[in-house]
Chemist: 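Here you go, one structure.
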Amino acid sequence: MAIVKKLLITAGPTREHLDPVRFITNLSSGRMGYTLAGVAAAKGYQVSLVSGPTHLKVPRGVQYYPVISSHEMKRVCSKLFPSHDGLIMTAAVCDYMPSTTDRHKRSSIGGLTLKLKRTPDILADLSKRKGDRIVIGFCLETRSLVQRAKEKVRQKNLDGIVANFYSPRKQVPFGDNKVRAILIDRDMKVIREPMQNKTSLSWRILRWMEKLNHER
Ligand code: C5P
């Protein structure tokens, strides 16, 4: 067990541009990652926050690295990861990006069929060389939440994952809403958290991470 002092936290959505003014993104507000970063700093961790575009204020005491795209997030995270003891990947990295990006604004005359390609899986890539670092992922699903979350723990070589069920009607867990998360560790132990706000969930996630680290 290595003591976790320096935490790398990612947050927000990424933007995958198809031209200078148009992009693919998702509903992530960034609030979970920013709250987690603020709580971790208050708890005494040295925190680096790598974030896609959001409207949020950077929490006090946090080293901030703004990025736009998945490739940029990967570049910054790969550079920072070796000097950190743990990674918590709350970012909603876009899974797809346009297969080509135009340098100039595309004409809006006529139809458009977009060809997409996969973005790099930052979390899976970093956890391949995690050494004794602790690595926690996040996931959001509209069905088969626990099953899919468990698959991700295995596929991405994680110590744990925070799984959120997405309710389109209430837009939970995006924005300010309270969330009901499920914590799943590498032994597939499932902890169903009660409904709570993101500050209290952040304290809970950090205590859980410390316990997982202690048990290694
Ligand atoms: O999108 P998915 O459900 O696979 O996301 C699970 C975890 O993987 C999240 O922690 C997310 O930040 C990370 N991820 C990533 N790179 C991607 C897609 C997801 O690091 N291209």
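In each ligand, atom 1 is the first atom listed, and ligand 1 is the first ligand listed.
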Chemist: Say whether T119 and E16, considering side chains only, have a donor N or O and an acceptor N or O under 3.5 Å apart.
Modeler: no
Chemist: Report the residue from L80, T10, L8 that forms a side-chain contact (heavy atoms from CB on, under 4.5 Å) with Y65.
Modeler: L80
Chemist: Measure from the side-chain N and O atoms of R216 to the backbone N and O of D132, and report whether any donor-acceptor pair falls under 3.5 Å.
Modeler: yes
Chemist: Does R133 make a cation-pi contact with F81, if we ask for NZ or CZ under 6.0 Å from the ring centre and within 45° of the axis?
Modeler: yes
Chemist: Has K43 got more than 12 heavy atoms of other residues, nucleotides or ligands less than 6.0 Å from its NZ?
Modeler: yes
Chemist: Can you measure from CG (N213) to CD1 (I3) and round to the nearest 0.5 angstrom?
Modeler: 8.5 Å
Chemist: As a test of reading the model: which N/O atoms of the protein lie under 3.5 Å from N/O atoms of ligand 1, and at what distance?
Modeler:
from, atom 1, to, atom 2, distance (Å)
ligand 1, 1 (O), D95, OD1, 3.3
ligand 1, 3 (O), K152, NZ, 2.5
ligand 1, 4 (O), K156, NZ, 2.8
ligand 1, 8 (O), K156, NZ, 3.0
ligand 1, 10 (O), M89, O, 2.8
ligand 1, 10 (O), F138, N, 3.0
ligand 1, 10 (O), F138, O, 3.2
ligand 1, 12 (O), A91, O, 2.7
ligand 1, 16 (N), I122, N, 3.1
ligand 1, 20 (O), I122, N, 3.3
ligand 1, 20 (O), L123, N, 2.8
ligand 1, 21 (N), T119, OG1, 3.2
ligand 1, 21 (N), P120, O, 2.8

